[in-house]
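Data block below; observations after.
Here, residue 1 is the first one in the sequence, and each next residue gets the next number.
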Amino acid sequence: MTNHPTRPSPVYRHAALSALLAVALLPVALPAVASPHEMPDAPTFSVGGGRYEQSVSVQLGAAPGETIRYTTDGTVPSKASPAFAGKPIQVTQDMNLTARAFKGNQPGVVSSEGYLIRKGEQPLARFMIMSDVHVGNYESDRKRWASYFDTIQNVLGSPDAILSNGDMINDNWNGRGQDHKIVQRIFAENLERKGMSGTEVFLSYGNHDATLAELRAGYPQEWFPDAGGGYYRTEVNGVPMITVNTENYSIQQGSWLREQLADITADPSYRDLPVIVQGHRPAPGTVMDGQQTSNPRLTQDLSAFPQAIYFSGHSHLNLNDPRSIHQKSFTAVNDSSSSYIEIDHGYQMLTDEGQLANRFETPTAQGVAVEVYPGRTVINRINFNADLHDIYSGGQWSANWQPPYSSDGTLAGKPWEVNTSGDARKIVEGFTYTDARRNSTAPAWPVAQPLEAGTNGEGNLTLRISQATDDQMVHHYLVRVKREDNNEQVLDTKLANRFDVVPVPSALDVPLSVKRDGTRFLAEVTAVDAQGNGSPVVTRVIK
C-alpha cells in the first residue's frame, strides 16, 4: 500500500475483553450531559461471541432499574429498539448482537458480540488469511496483536494455517528490513500463548517488505519456503495452497503457476477442493474494480482454473463491501488489512467528533476466517477492531488504536460461500458473485420522513439522516442542501456511511456551515448501495 497501519460450550470461547463503546451520535434535542457514574454500563452477555457448533441462547444483564435494548441488524440500539424482557435471545445464524442499557432516557455504552453458528460442521481445513500487518514497533504493536490472536482463536480455534499476505512491515526503502524480526517475535509469542502449536504460518512478499532476502532472514524457513523467486506451493490438511510473488510476476513464475494448477486440478485426490492462492496485489479486473492492481498476466494465468480462490491485500479495501469478492473464471477475494482499512476515494466521512472530513481511511482492522468443506469454501469476514475512531488523533495520522476493543470478533458481513464441487464447468455455473448477478435491489427508507433538523454544539444547523436499509449495505448518501429563498448551495457531498464500524450509527448528523436562525433550507438525500443502486430521493425543508 502507499505510504501515509455456565454457558453452552462454543468450539472456541470468546477470550478478549469487551470494552466500553459510546458511539451514539448527539440527539437532535441535546439533553443535559450525564456524569460518568450516571451512564449505564455496557450490558453483559451470558454467552460471548465466537464460533459455535449449535444455536445458542444469550441472556443479557444490566443493573436494576435499567432497560436493555438490542439490535441484530448491526445498528446502535435506540429507544425504539426491542427491549430485552428476560427471555433469552436465540442465536440460530451468523449475526452481530448489539445491546445497550437505558436508565430512563439516558443511554449507556454499547456492546456488540459476533456469532458464527456452524451446527456440528467440521471443516477439512481452517485458514486465517490477513494482510498488511505493517508492524514496526514491538511495544506499541504487541498488545494489538495479542487481541487479534484472541479473536483468531475465538473464530477458528487453532487454525491449520495463518496466511499473512504481504506487507508485514512498513519499509519504504528506508532500511527497516530488520522489522521482520519484530513480526516473527509477536507471532511466535502469540502462537505459544494461544496453544497453537499445530498452526502453520505462510507469508507472501509485499511492496513494503524490504527485500526478499531480508524477508527470508526474518522468519523460520517453513514460514516462507520459496526456492528463490518468492513463490512456492504447499498443502494444508490436504488442501493445496500456492503463494505467488506479485512484486515480480515474471513469465517464468506465470508458467510455474499454470503448471502447478494444472497438476492439482488433474489429481483426483483434490476433487471438490479449492486451490487456495495468496498474493499481495489484487488481480486486475476482479475485486473492487481492480483498484491498485498490477500483473495483468496473473488474471490470465488463473482464468483457466475455476477451483482457484485468489486472496489479495495491498489496497486495504474493506471487507464490508460486496465488491470485495468477484467471480468470473475464478474467485478473487480481497482480504482487507489488519492495520487499517480504506473505502473508495472521493467521499466525505463523519469523524468520531461529528465533523465532515475528506476521508478514505479508518483504523478498522479486518481479516478472513476461511473454512474448507467438501465441495464448498466458507469465507467469514471478521473484524479485529471496528470501534468508532477517526484515522487522525490529535491532528496526527494514526492507525495504532490500542485494545481493549468493544468490536473484536464481530462480523463485517454475511459469509461468502464458494462452490468447489464437480468439474470446472459445474464450478463456474455455480458462481454467484459475478458481474451479471450483482445485486440490483436499491436501499429503502424504513420511515416515511428520515430527515430532521438539529443544532450542534456550535449553534449551527445540522441535518440528521436516519439510516436507510439495504439487503447488503448502504455505501453512501448523496446529500444536497440549499437555501429555499435563493437556491444558494450550502452542501453538496457524497457522504460515506460509517459501515466500517460496529455497531453502525442508527443516524448520521451532518453539520452545516450555517447558524440555526430560522432560515429555511431544502435538503435532498439519496441512499446508495455499493453497486450504485439508489433509493428514492427524500426531501425536507429544515430551519
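- Looking at D344 and R323, a side-chain N of the basic residue comes within less than 4.0 Å of a carboxylate O on the acidic one, giving a salt bridge.
- For Y70, the ring-ring contact (aromatic ring centres under 6.0 Å, His included) test picks out no residue, with sequence neighbours left out.
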Exercise. Taking it one step at a time, do S466 and W445 satisfy side chain to side chain contact (heavy atoms under 4.5 Å, CB included)?
Worked result: CA-CA 8 Å; S466 294; W445 298 103; 6.0 Å; no

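- Counted within 6.0 Å of CD on Q93, heavy atoms from surrounding residues, nucleotides or ligands total 12 or fewer; the atom is thus considered open.
- Taking the charged nitrogens against the carboxylate oxygens, D94 and R381 have no contact shorter than 4.0 Å, which rules out a salt bridge.
- Summarising the geometry, atom CD1 belonging to I117 is positioned 8.5 Å from atom OH belonging to Y115; distances are rounded to the nearest 0.5 Å.
- Smallest separation of non-hydrogen atoms from L156 and F127: CD1-O, 3.4 Å.
- A distance below 6.0 Å separates the ring centres of H134 and H316.
- Closest heavy-atom contact between V76 and S81: O-OG, 4.5 Å.
- Look at E66 and K103 and you find no salt bridge, because none of the NZ, NE, NH1 or NH2 atoms lies under 4.0 Å from a carboxylate O.
- Donor-acceptor pairing under 3.5 Å is lacking for the side chains of D132 and H314.
- F102 is listed as a side-chain neighbour of K79, based on a closest heavy-atom distance under 4.5 Å.
- The shortest distance between side-chain heavy atoms of L388 and R498 falls below 4.5 Å.
- Here CZ of F360 is found 13.0 Å from CG of N318. Values are rounded to the nearest 0.5 Å.
- A donor-acceptor distance shorter than 3.5 angstrom exists from the side chain of S131 to the backbone of S336, with no hydrogens or angles considered.
- D141 and N137 share no donor-acceptor pair across their side chains, judged by distance under 3.5 Å alone.
- Summarising the geometry of I542 relative to T462, their closest heavy-atom pair is CD1-O, 4.5 Å, with the distance given to 0.1 Å.
- Side-chain polar atoms of R281 and S312 form no donor-acceptor pair below 3.5 angstrom.
- With 3.5 Å as the limit, one finds a donor-acceptor pair spanning the side chains of S112 and T98.
- A salt bridge does not link D517 with K515: every distance from a Lys NZ or Arg NE/NH1/NH2 to an Asp or Glu carboxylate oxygen is 4.0 Å or more.
- Looking at every heavy atom in both residues, F330 comes nearest to T286 through CZ-CG2, 4.1 Å.
- Side chains of Q366 and N320: a donor on one and an acceptor on the other come within 3.5 Å.
- Contact annotation: the side chain of Q489 never approaches that of R480 to less than 4.5 Å [non-hydrogen atoms, C-beta and beyond].
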Exercise. Between E524 and K482, does a salt bridge (Lys or Arg N to Asp or Glu O under 4.0 Å) hold up when you go through it step by step?
Worked result: CA-CA 9 Å; E524 299 179 343; K482 60 184 179 181; 5.1 Å; no

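- Side-chain N or O atoms of N460 include none that pairs as donor or acceptor with a backbone N or O of S513 at under 3.5 Å.
- Between S140 and N400 there is a side-chain heavy-atom pair separated by less than 4.5 Å.
- Formation of a donor-acceptor pair under 3.5 Å by the Y477 side chain with backbone atoms of A468 is found in this model.
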For this session: Check the pair Q531, H475 against side chain to side chain contact (heavy atoms under 4.5 Å, CB included), reporting the backbone distance first and the verdict last.
Result: CA-CA 9 Å; Q531 273 77 45; H475 183 272; over 6 Å; no

Problem set entry | Chi angles and distances behind the side chain to side chain contact (heavy atoms under 4.5 Å, CB included) call for L495, Y347 | CA-CA 6 Å; L495 177 65; Y347 297 87; over 6 Å; no

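- Checking side-chain atoms of T71 against main-chain N and O of T75 turns up a donor-acceptor pair under 3.5 Å.
- From N533, atom CG reaches atom CG of D470 across 7.5 Å, with rounding to the nearest 0.5 Å.
- For the pair Q467/N497, a side-chain contact is recorded, criterion being any heavy-atom separation below 4.5 Å from C-beta on.
- In this model, a donor atom of one side chain and an acceptor atom of the other lie less than 3.5 Å apart for S407 and D387.
- Side-chain atoms of N456 come within 3.5 Å of backbone atoms of G459 as a donor-acceptor pair (strictly under, hydrogens ignored).
- For the pair N334 and F311, the minimum side-chain heavy-atom distance is 4.5 Å or more.
- Using modelled atom types, one finds a donor on one side chain and an acceptor on the other under 3.5 Å when comparing D335 with N165.
- Looking only at side-chain heavy atoms (C-beta outward), H389 and T364 stay at 4.5 Å or farther from each other.
- The distance between the ring centers of W397 and Y340 falls below 6.0 angstrom.
- The minimum heavy-atom distance linking F45 with A99 is given by the pair CZ-CB, 3.9 Å.
- One finds no salt bridge joining R516 and E458 here, because no Lys/Arg side-chain nitrogen approaches an Asp/Glu carboxylate oxygen to under 4.0 Å.
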For this session: Begin with the C-alpha distance, continue with both residues' side-chain angles, and end with the deciding distance and a verdict on side-chain hydrogen bond (donor to acceptor under 3.5 Å, both in side chains) for D529 and Q472.
Result: CA-CA 8 Å; D529 68 13; Q472 294 183 335; over 6 Å; no

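- In terms of heavy-atom proximity, A442 sits nearest to S535 at CB-N, 4.3 Å.
- Enclosure of atom CD in Q90 by more than 12 non-hydrogen atoms of other residues, nucleotides or ligands within 6.0 angstrom is indicated.
- For Q327 and T331, the side-chain atoms include at least one donor-acceptor pair closer than 3.5 Å.
- To the nearest 0.5 angstrom, Y392 atom OH is 12.5 Å from T351 atom OG1.
- Note: I325 CD1 to Y433 OH = 5.0 Å, rounded to the nearest 0.5 Å.
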For this session: Begin with the C-alpha distance, continue with both residues' side-chain angles, and end with the deciding distance and a verdict on salt bridge (Lys or Arg N to Asp or Glu O under 4.0 Å) for R359 and E342.
Result: CA-CA 9 Å; R359 295 282 190 271; E342 297 187 9; over 6 Å; no

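- T434 has its side chain out of reach of K328: every pair of non-hydrogen atoms, C-beta onward, lies at least 4.5 Å apart.
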For this session: Go through the steps to decide whether I382 and L411 satisfy the test side chain to side chain contact (heavy atoms under 4.5 Å, CB included), and finish with yes or no.
Result: CA-CA 5 Å; I382 305 297; L411 311 182; 3.8 Å; yes

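- Crowding of N105 atom CG: a count of heavy atoms from other residues, nucleotides or ligands under 6.0 Å not exceeding 12.
- Between the CG atom in N383 and the OG atom in S338 there is a gap of 12.5 Å [rounded to 0.5 Å].
- A donor and an acceptor atom, one from each side chain of D471 and N439, are located under 3.5 Å apart.
- Formation of a donor-acceptor pair under 3.5 Å by the Q278 side chain with backbone atoms of I129 is not found in this model.
- E484 has a carboxylate O that lies under 4.0 Å from a charged side-chain N of R520, or vice versa, which qualifies the two as a salt bridge.
- In the model, N96 has no side-chain atom that pairs as donor or acceptor with a side-chain atom of T410 under 3.5 Å.
- No donor-acceptor pair closer than 3.5 Å links the side chain of E353 to the backbone N or O of Q355.
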